[in-house]
Amino acid sequence: MTELAEPTAPLNKRQRQAAKIADAASGPIGWMLLKILLLAVVDAIALYAAFVLFGQQEWLVLGLVVAVTVLVNYIYFSRKRVPAKYLTPGIIFLIIFQVFTLLYTGYIGFTNYGTGHNGTKDQAISSLLASSQERVEDSATYPVTVVEQFGTYGLLVTDPESGDALLGTAEQPLAEVDADFEGGQAVAVDGWNTLPLAKVFTLSAELEKLSVPFSDDPNDGSLRAPDGQKGYLYVSSLEYDADADTITDTTTGAVYADTGEGAFTAEDGAELLPGWQTTVGFDNFVRAVTDESIRGPLISVTIWTFVFALLSVATTFFLGLLLALVFNNTRMRFRNGYRIILILPYAFPAFLSALVWAGMMNESFGFINQVIFGGADIPWLSDPNLAKVSVLLVNLWLGFPYMFLVCMGALQGIPEDVNEAAVMDGANPWQVFRRIKLPLLLVTVAPLLISSFAFNFNNFNLIYMLTKGGPRFDDVSIPVGHTDILISMVYKVAFTGQSRDYGLASAFTILIFIVVATISIISFRKTKALEELN
Amino acid sequence: MSTTDTRTAAPVTVERNLGPRRRSIGAWFADTGWRHVVAIIVSAFALFPLLYVVSASLNPRGTLTGSNQLFSAFGIDSYVRILSDPQNPYGLWFLNTLIIAVVTGASTVFIGALAAYAFSRMRFAGRRIGLVTIVVVQMFPQLLAVVAIFLLMSTLGDWFPAIGLNTHTGLILVYLGGALGVNTYLMYGFFNTLPMELDEAARIDGAGHARIFFTMILPLVAPILAVVALLSFIGTVNEYVIASVMLVDVEQQTLVVGLTKLVANPRYADWSAFSAGAVMAAVPVMILFLFLQRYIVGGLTAGATKG
């Protein structure tokens, strides 16, 4: 293997390197083994996943996992399908985490998913009944032993009448088991660890919450043992009638029925929460465009998103271009030094810059008011209009270096003879710039301006770190403010505030999706950016 | 022939303009002096927030007001504080961020390079549609689907706790959903600049496609791989939305999530400690960036004009 060098043209350093690596790499058998090993790992993971999904009875997902695994094995063992071998890993991730999540977002937009509506109807019923449980007075006391298995706590109960041992967890109703007895009380059972009393005392917070159903019927109530030693029967003040599909409050006599809205509702409109997740058709969209307290902010946020994105591109581009023109003079000294300084804001992680600026712009304690304006109280971030100006200013700081670099590159790409020809023809510098350089520059830079617009359209970090979207609108039902853009509004509706509303947030996402799709299709047509895709 | 004419004529005009101007200060100012004035003003604008952070980080006093006098006090107390505060485990956040960003960056480059190789070197049905799809899907940022991602990962976590919410593996998997995208496009453009004759020669010598890819192409495209890795690394370090939704425990969080919470109310925050954390997080990234900036800018412009 050492004397294989053939008398060809001298190789450059990279080629020699490549040749060396190629020689060092093992032959076809090595590749084959590596491939089989990797596939074995993939198949092992898939097998594990299949077992878990089988246990959970998730047939659809199980089917998908099996299908994909078979496909992957076929692709990599086949002698053909070479492009697929290179594309499969990326496509799998793309489909699961981009395509599927987008479609799923579409689905959630048509549901009431959110706080109070995030489970199935059965879960809602058990949770309702469990939350309104009260101890049955004068009921028997059940001796209890706390046991544990894989981090799940269970109660090992001795029936005071029959003396049988029963075992149950929060998920599994009590069922009879064979246990070891000690002094008439069941103390241990196979497969479960009996917790020593000292340990039980440290678990009081968890034991408070542990409620073991007596049977499959939630109306039978459940057993609770807050001290880990004595259990009592708790029965709900709510009663579920499976035939009529209603819940009756035994203390007030009120009847709540399933009206198709995802919660048990009384005739006067009172709802029992938690409810469950259900599809609500176009409700979220209708709410977004008709409910005054949502429509108002939605419209202002949409307008501001466009204004923000456009002005962001315009301001950064013009400052960047101006600087590029200023620096486009070879006789200027220290050009590279300035250049490095001007790149620094671009290199500083953007989220940190926004947080730092938020501190500097603080109304009463910030550097800008305290030092630069000598103790003034300028509400940089708390006045609706000034906050917008501040956002644009910080974005200018963040974005101009990029435009500067890009314009420098583009200007240097314009051949010098074009300029000279124009000067010969008697054009002044402004005319040369306006009529010749700018159009040529725009050809190169236009796609970047479009992608910069798209970036700022979704510039979540800047908005959220600098102003948190604030100052907040008055009289609105969603936690949205004057500087929020669409993407930060979605985030706040879904994940902040008193209640989470995934359904409404997803409906907003779909609306944004439609807007973005329209813009990108138009801009693609205009720039014909995809023409070179051959 | 007219082009050669202008070429010979141009230097003459330039020199004629230059000659007399060099003598007086006024002329110097008119030519390059004012450029320095602009440059100094803009440099001050660019630098002052950075100087402020560095100054605040060296200030032993913790509050926002205390940080206002630039370089009035020196000390590394705030660095010690941020590194030793058990409530805000900066060291862990840094490590988490590093692990997540490095694994995401490396995997993104690998997966993206595989795809770019296929698109650049092979001709197959659906190739053009595939390329277009990648660009179009990427137009919609992943964070737009954050609700769906959250619910998906929460369900997955019920079945497989190792990749569910609050795990780094799960977060990395979500990020890899974007592995085919703009970055692949950059690489595709670069791969196209390598002559096909290289592949053909190797094939004639008996090399298979995998051998060509791993031992010949990858070393040759190393510069673009480095750039994409860096871009993906920085993007991951900056990513807040999905990380904040997925990583619940303080010990699991990344720098962006942790530091944002640390100064959620700047008035009461330990501002010096935050600044110290910011400086330590930013310096390595900035050094890498400045080393690679020429390639990055080149890559960005090249990719943009193509796509």
Side-chain angles (χ1 to χ4, degrees), chain A residues 17-18 21-22 25 31 52 56 82-83 86-87 89-90 93-94 97-98 101-102 104-105 108 326 329 331-332 338 341-345 347-352 355-356 359 362 365 367 370-371 405 409 417 420-421 424 447-448 458 460-461 491 494-495 502 505-506 509 520 529-530 532-533, chain B residues 3 6-7 10 32 35 38-39 43 46 49-50 52-53 64-65 68 111 114-115 117-118 122 124 128 131-132 137 139-141 144-145 147-149 159 174 176-177 179-180 209-210 215-216 219-220 237-238 240-241 245 256 263 266 271 278 282 285-286 289-290 293 297 301 304-307:
Chain A
Q17 243 176 358
I21 300 168
W31 284 113
V52 173
Q56 303 273 345
V82 176
Y86 287 85
L87 292 170
F93 282 111
L94 183 77
F97 293 107
Q98 296 259 6
T101 51
L102 274 177
Y104 192 39
T105 305
I108 299 166
V326 168
N329 178 323
R331 290 186 301 281
M332 193 181 170
Y338 288 129
I341 292 175
L342 295 190
I343 295 173
L344 289 179
F348 197 70
F351 80 94
L352 288 173
L355 292 173
V356 168
N362 185 290
F365 308 109
F367 183 81
Q370 287 288 309
V371 179
L405 289 173
D417 7 355
E420 283 155 8
M424 282 294 283
L448 287 175
N458 293 305
F460 176 92
N461 274 20
Y491 180 82
F495 295 106
Y502 300 141
S506 297
T509 303
S520 19
L530 293 178
E532 288 183 39
L533 273 182
Chain B
T3 46
T6 56
R7 247 183 230 153
T32 60
R35 296 175 199 267
V38 175
S43 298
L50 302 177
Y52 169 80
V53 184
L64 194 51
T65 339
N68 279 343
I111 294 173
L114 285 174
Y117 175 62
M122 301 167 192
F124 50 92
R128 204 188 128 84
L131 275 169
V132 176
V137 171
M139 287 254 142
F140 312 104
L144 211 57
V147 174
I149 288 175
W159 302 330
V174 172
L176 288 185
L180 288 195
H209 59 87
T215 63
M216 208 176 77
L220 289 176
V237 169
N238 270 309
Y240 176 80
V241 178
V245 165
V256 59
V263 287
W271 194 253
V285 176
M286 289 173 88
F289 196 95
L290 291 179
Q293 43 120 345
V297 175
T301 22
T305 44
K306 284 192 194 86

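Hydrogens, waters and symmetry mates play no part in the numbers below; they use all other heavy atoms, side chains included. In the text below, chain A, chain B and the rest are named by the order of the sequence lines, each starting its count at 1.
In terms of the side chain to side chain donor-acceptor pair (under 3.5 Å) criterion, residue partners of B:Tyr52 (sequence neighbours excluded) are, by chain and number, B:Trp271. When the ring pair (Phe, Tyr, Trp, His ring centres under 6.0 Å) test is applied to A:Phe97, no partner is found at least two apart in sequence or on another chain.
Within the 4.5 angstrom heavy-atom criterion, only side-chain atoms of A:Ile343, from C-beta onward, approach chain B. Heavy-atom distances place both the backbone and the side chain of A:Val326 under 4.5 Å from chain B. Contacts between B:Ala278 and chain A at a heavy-atom distance below 4.5 Å involve backbone atoms as well as side-chain atoms. Only the side chain of A:Phe495 comes within contact range of chain B, judged by heavy atoms closer than 4.5 Å. Contact of A:Ile341 with chain B is made through backbone and side chain together, with heavy-atom distances under 4.5 Å. Of the atoms belonging to A:Ala505, it is side-chain heavy atoms, and not backbone ones, that fall under 4.5 Å from chain B.
The structure places OH of B:Tyr240 at 11.0 Å from CZ of A:Phe351, a figure rounded to the nearest 0.5 Å. Rounding to the nearest 0.5 Å places OG1 of A:Thr101 at 4.5 Å from CD1 of B:Ile149.
Proximity of a side-chain donor or acceptor of B:Asn238 to a complementary backbone N or O of A:Pro349 within less than 3.5 Å is not detected.
Between A:Ala347 and B:Met286, the closest heavy-atom pair is O-CG, 3.5 Å. Nearest approach of B:Leu180 to A:Leu94, heavy atoms of both residues: O-CD1, 4.1 Å.
Counting heavy-atom pairs under 4.5 Å between each of A:Ser506, A:Ala494, A:Gly359, A:Pro345 and chain B puts A:Gly359 at the top. The greatest number of non-hydrogen atom pairs below 4.5 Å with chain A, out of B:Val38, B:Val263, B:Leu290, B:Leu50, is found for B:Leu50. Contacts with chain A were tallied for B:Ile111, B:Val174, B:Val53; B:Val174 has the most, counting heavy-atom pairs under 4.5 Å. Residue with the most contacts toward chain B among A:Tyr491, A:Phe367, A:Tyr104, A:Tyr502: A:Phe367 (heavy-atom pairs, distance under 4.5 Å). Chain A forms more heavy-atom pairs under 4.5 Å with one residue of B:Arg35, B:His209, B:Met122 than with any other, namely B:Arg35.
Residues B:Leu114 and A:Leu87 have side chains not in contact (no heavy-atom distance under 4.5 Å, counting atoms from C-beta outward). Here the side chains of B:Val147 and A:Thr105 are not in contact, with every heavy-atom distance at 4.5 Å or above.
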